Amino acid sequence: MSVAADCDRDTLLIQVLPRGPVCHLGTTTCFGDDSRSNFSAISQLEQTIEQRRKAGADNSYTAKLFIEGRDRITQKVGEEAVEVLIASKNPDDRQFIGECTDLIFHLTVLLVEHGLSWDSIYSELNKRSK
Ligand SMILES: N=c1c2ncn([C@@H]3O[C@H](COP(=O)(O)OP(=O)(O)OP(=O)(O)O)[C@@H](O)[C@H]3O)c2ncn1[C@@H]1O[C@H](COP(=O)(O)O)[C@@H](O)[C@H]1O
């Protein structure tokens, strides 16, 4: 997502959003901590959603959404957005977080349906960053 040179220009710092494991041992870091970063959780979800789209598995909610088509996915994003709005009116953080997560899941399905990914969103956010 960014490349920067150090003061004497002999080292590059390259910051990226990994798609899956980055260590040759299959872990998400080379430093012993196998917990996923927040970004890689979304990246992992995106990959699973893409796999479900291709597989068209019968028992997958995601695959069913793709079969039902873009209008249905768009409708679900709208419904989930309204559920976020309603949950935001209540003091229950767990409910609110659950509805936000549902919205992000369906939004990710819609991005994939458009042939896009969160990379486009990250780029746009970076462009807007002040
Ligand atoms: N993160 C999610 C996720 N978040 C929410 N949902 C589903 O989104 C739906 C939310 O819709 P509603 O609240 O409107 O409830 P509903 O009545 O079941 O929905 P409708 O009948 O109205 O469509 C529920 O069925 C949830 O299970 C999700 N379904 C799947 N995932 C992930 O997607 C990946 C693929 O999952 P499968 O498609 O199940 O294989 C896996 O990594 C899952 O963890």
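We count ligands from 1, going down the list as the structure has it; atoms in each ligand are counted the same way. The structure displayed is predicted, hence computed values, not measured ones. Throughout, residue positions are numbered sequentially from 1 according to the sequence presented. Below, each value reflects all heavy atoms present in this structure, side chains not excepted, and no hydrogens, waters or symmetry copies.
No more than 12 heavy atoms of other residues, nucleotides or ligands sit less than 6.0 Å from atom CG of D71.
W118 and S43 share no side-chain donor-acceptor pair at under 3.5 Å. In this model, no donor atom of one side chain and acceptor atom of the other lie less than 3.5 Å apart for Q47 and Q51. Looking at Q15 and S2, their side chains do bring a donor and an acceptor atom within 3.5 Å of each other.
Hydrophobic clustering, with ILVMFWY side chains joined whenever heavy atoms are under 4.5 angstrom apart, groups L125 together with L116.
Under a 4.5 Å side-chain heavy-atom cut-off, the cluster of Ile, Leu, Val, Met, Phe, Trp and Tyr residues that includes I67 has no other member.
If you look at ligand 1, the protein residues with a non-hydrogen atom under 4.0 Å away are L45, T48, R52, S60, Y61, T62, R72, K76, E80, E83, D102, F105, H106.
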